[in-house]
Amino acid sequence: MIRLKTASQLEKMRKSCRIAAEARLLAGEMIRPGLKLIELDRAIRSYITSQGAVPSFLNYGGFPASACLSVNEVVIHGIPDERELREGDIISVDVGANIDGYHGDCADTFAVGSISSEAQRLIDVTRKSFFDSLEFVKPGLRIGDIGSAVQSTAEAAGFSVVREYIGHGIGEHLHEEPDVPNYGKPGRGPRLYEGMTIAIEPMVCQFSPAVKVLDDKWTVVTVDHGLAAHYENTVAITSAGAEILTKV
């Protein structure tokens with residue numbers, strides 16, 4: 001069941017989304033060669049809890065950390081450990097915050113020092129695919145319009161989009177209906193209504209979209225070891241179109 005949010009519920013979501021977005025911003029400011037993933041995760045958790053919120057991902061389905069930190073060929077769900085970031089890496093930081101019973105969810109991919117032009121192009125195209133999709137986030141259009149826009153932007157640049165993992169509705173639960181794929185056909189899928197809140201999160205691969213899950217049952221990597229980038233915001237559908245809730 002798709003849950004439409006009231007004005008008061010949206011206000012609560014703006015609060016959780018602001019905290020998540022600020023944690024994402026903090027992470028971006030910290031990223032540098034030599035930083036340990038576990039140190040970055042601790043800083044994200046500390047910030048979220050300092051705001052009176054709870055990290056949405058911590059212990060979610062057994063996930064052992066507060067943020068998903070995914071480096072290079074890791075698409076999503078990377079588990080923070082003692083690994084140190086190296087010059088030339090790219091890292092996706094996916095964070096969520098829960099306060100007053102509502103979740104905010106967002107992600108971005110950052111450069112570690114100086115990176116290759118191709119890695120930067122992948123990051124840029126992934127972000128662009130998200131913003132291109134916002135044109136289709138308005139009442140009366142459909143989920144397929146969003147996915148088609150993401151897919152078209154990514155594939156026009158020579159990249160591919162992951163099929164197995166997708167965006168989602170969000171609110172009182174971290175994952176709600178509807179599913180929000182990063183691919184699709186215009187005019188297909190559930191219709192968009194004012195009051196819907198969804199997480200749109202392009203996951204774009206440098207080469208093939210084929211992925212696999214590692215033995216830890218969480219970490220998702222590209223099969224061909226190509227780079228992957230991830231960008232996400234929680235978005236509300238209003239009478240005027242899209243409102244990005246995870247925006248500082």
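Numbers here simply count residues along the sequence, with the first being 1.
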*Asks:* I need the minimum non-hydrogen distance between V93 and A27, along with the two atoms involved.
*Replies:*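 Closest approach of V93 to A27: CG1-CB, 3.8 Å.
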*Asks:* Restricting to pairs with a member in residues 228-248, which pass salt bridge (charged side-chain N to carboxylate O under 4.0 Å, His left out), not counting sequence neighbours?
*Replies:*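 Output for this query lists R14-E243.
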*Asks:* Which residue pairs satisfy the salt bridge (charged side-chain N to carboxylate O under 4.0 Å, His left out) criterion with at least one member in residues 203-226, sequence neighbours excluded?
*Replies:*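 Those involving residues 203-226 do not exist here.
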*Asks:* I'd like to know if I79 and F57 are part of one continuous hydrophobic network [Ile/Leu/Val/Met/Phe/Trp/Tyr, side-chain heavy atoms within less than 4.5 Å].
*Replies:*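 The answer is yes; both residues are in one hydrophobic cluster.
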*Asks:* Salt bridge (charged side-chain N to carboxylate O under 4.0 Å, His left out): which pairs involve residues 84-100, sequence neighbours left out?
*Replies:*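 Every salt bridge (charged side-chain N to carboxylate O under 4.0 Å, His left out) pair that includes a residue of residues 84-100, provided the two are not neighbours, is K15-D100.
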*Asks:* Could you check whether any side-chain N or O of R142 sits under 3.5 Å from a backbone N or O of G189, counting only pairs where one atom can act as donor and the other as acceptor?
*Replies:*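 Checking the backbone N and O of G189 against the side chain of R142, a donor-acceptor pair under 3.5 Å is found.
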*Asks:* Show every ring pair (Phe, Tyr, Trp, His ring centres under 6.0 Å) that has at least one partner inside residues 4-33, sequence neighbours left out.
*Replies:*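 Not a single pair qualifies under ring pair (Phe, Tyr, Trp, His ring centres under 6.0 Å).
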*Asks:* Quick one: which residue pairs count as a ring pair (Phe, Tyr, Trp, His ring centres under 6.0 Å) with a foot in residues 32-52, not counting sequence neighbours?
*Replies:*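 Every pair satisfying ring pair (Phe, Tyr, Trp, His ring centres under 6.0 Å) with a residue in residues 32-52: there are none.
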*Asks:* List, one per line, each side-chain donor-acceptor pair under 3.5 Å for residues 180-187, sequence neighbours excluded.
*Replies:*
unit_1 : atom_1 : unit_2 : atom_2 : d
N182   : ND2    : E201   : O      : 3.0

*Asks:* Indicate the atoms forming the closest heavy-atom contact of V125 with A154, along with that distance.
*Replies:*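 Shortest heavy-atom separation between V125 and A154 comes out as CG1-CA, 4.0 Å.
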*Asks:* Keeping S16 on the side-chain end and M13 on the backbone end, is there a donor-acceptor pair under 3.5 Å?
*Replies:*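 Looks like yes, one N/O pair under 3.5 Å.
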*Asks:* Hydrophobic clusters join Ile, Leu, Val, Met, Phe, Trp and Tyr when side-chain heavy atoms are under 4.5 Å apart, directly or via other members; which others share one with L58?
*Replies:*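 Members other than L58 - counting any ILVMFWY side chain reachable under 4.5 Å - there are none.
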*Asks:* Between the main-chain N or O of L122 and the side-chain N or O of T126, is there a donor-acceptor pair closer than 3.5 Å?
*Replies:*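 Looks like yes, one N/O pair under 3.5 Å.
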*Asks:* Can V211 and I76 be said to form a side-chain contact (heavy atoms from CB on, under 4.5 Å), step by step?
*Replies:* CA-CA 10 Å; V211 298; I76 51 172; over 6 Å; no
*Asks:* Working to the nearest 0.5 Å, report the span between CD1 of I200 and CG of L134.
*Replies:*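 Here the rounded value is 5.5 Å.
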*Asks:* Test your reading of the model: is there a side-chain donor-acceptor pair from N72 to the backbone of I90, 3.5 Å cut-off?
*Replies:*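 Side chain of N72 to backbone of I90, a donor-acceptor pair under 3.5 Å: yes, one is there.
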*Asks:* Can I get a per-line list of side-chain donor-acceptor pairs under 3.5 Å for residues 28-40, giving both atom names and the distance, sequence neighbours left out?
*Replies:*
unit_1 : atom_1 : unit_2 : atom_2 : d
K36    : NZ     : E82    : OE1    : 3.1
E39    : OE1    : K36    : N      : 3.3

*Asks:* Are H168 and D105 linked by a side-chain donor-acceptor pair shorter than 3.5 Å?
*Replies:*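 A pair is found: one side chain offers a donor N or O, the other an acceptor, under 3.5 Å apart.
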*Asks:* Side chain of S56, backbone of A97: donor and acceptor closer than 3.5 Å?
*Replies:*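 A pair under 3.5 Å: yes.
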*Asks:* Using atom types as modelled and distance alone, determine if a side-chain donor or acceptor of T238 lies under 3.5 Å from a backbone N or O of A242.
*Replies:*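 Side chain of T238 to backbone of A242, a donor-acceptor pair under 3.5 Å: no, none is there.
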*Asks:* Ring-plane angle category for H175 and Y60, please: parallel below 30°, perpendicular beyond 60°, tilted otherwise.
*Replies:*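 Ring orientation of H175 relative to Y60: tilted.
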*Asks:* I need the S148 OG to R188 CZ distance, nearest 0.5 Å.
*Replies:*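 Spacing of OG (S148) from CZ (R188) equals 11.0 Å.
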*Asks:* Does E135 CD have over 12 foreign heavy atoms under 6.0 Å away?
*Replies:*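 No - once you tally the heavy atoms of other residues, nucleotides and ligands closer than 6.0 Å, there are 12 at most.
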*Asks:* Heavy atoms only: give me the nearest L245-C17 pair and the separation to one decimal.
*Replies:*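 It is O-CB, 3.3 Å.
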*Asks:* Judged by atom type as modelled, is there a donor-acceptor pair below 3.5 Å linking the side chain of T153 to the main-chain atoms of V150?
*Replies:*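 Side chain of T153 to backbone of V150: no pair is present.
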*Asks:* Could I get the full list of salt bridge (charged side-chain N to carboxylate O under 4.0 Å, His left out) partners for D41, not counting sequence neighbours?
*Replies:*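 Residues passing salt bridge (charged side-chain N to carboxylate O under 4.0 Å, His left out) with D41: none at all.
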*Asks:* Quick one: does any side-chain atom of E11 pair with a main-chain N or O of A7 as donor and acceptor, under 3.5 Å?
*Replies:*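 Side chain of E11 to backbone of A7, a donor-acceptor pair under 3.5 Å: no, none is there.
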*Asks:* Strictly distance-based, threshold 3.5 Å: is any side-chain N or O of S92 a donor or acceptor partner for the main-chain N or O of T109?
*Replies:*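 It does not hold such a pair.
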*Asks:* Kindly work out whether a path of hydrophobic side-chain contacts (I/L/V/M/F/W/Y, heavy atoms less than 4.5 Å apart) joins F136 to Y193.
*Replies:*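 Yes.
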*Asks:* Please report the interatomic distance CD1(I19) to OG1(T246), rounded to the nearest 0.5 Å.
*Replies:*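 Between I19 CD1 and T246 OG1, I get 12.5 Å after rounding to 0.5 Å.
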*Asks:* Any pair with a residue in residues 221-243 that passes ring pair (Phe, Tyr, Trp, His ring centres under 6.0 Å), sequence neighbours left out, goes on the list, sorted by first then second residue, please.
*Replies:*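 Sorted result for residues 221-243: F130-Y231, F131-Y231.
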*Asks:* Of M196, E177, H173, which is the lone residue that meets side-chain contact (heavy atoms from CB on, under 4.5 Å) with R3?
*Replies:*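 Looking at M196, E177, H173, the match for R3 under the side-chain contact (heavy atoms from CB on, under 4.5 Å) is H173.
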*Asks:* Count the heavy atoms belonging to other residues, nucleotides or ligands that lie under 6.0 Å from CZ of R18, then report whether that count exceeds 12.
*Replies:*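 Yes, enclosed.
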*Asks:* Is the backbone of R42 close enough, under 3.5 Å, to the side chain of S46 for a donor and an acceptor to pair up by distance?
*Replies:*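 Answer holds: no.
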*Asks:* Quick one: salt bridge (charged side-chain N to carboxylate O under 4.0 Å, His left out) pairs with a partner in residues 123-133, sequence neighbours left out?
*Replies:*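 Sorted result for residues 123-133: D108-R127, K128-D132.
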*Asks:* Scan residues 80-110 for pairs that pass ring pair (Phe, Tyr, Trp, His ring centres under 6.0 Å), counting only residues two or more places apart or in two chains.
*Replies:*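 Every pair satisfying ring pair (Phe, Tyr, Trp, His ring centres under 6.0 Å) with a residue in residues 80-110: there are none.
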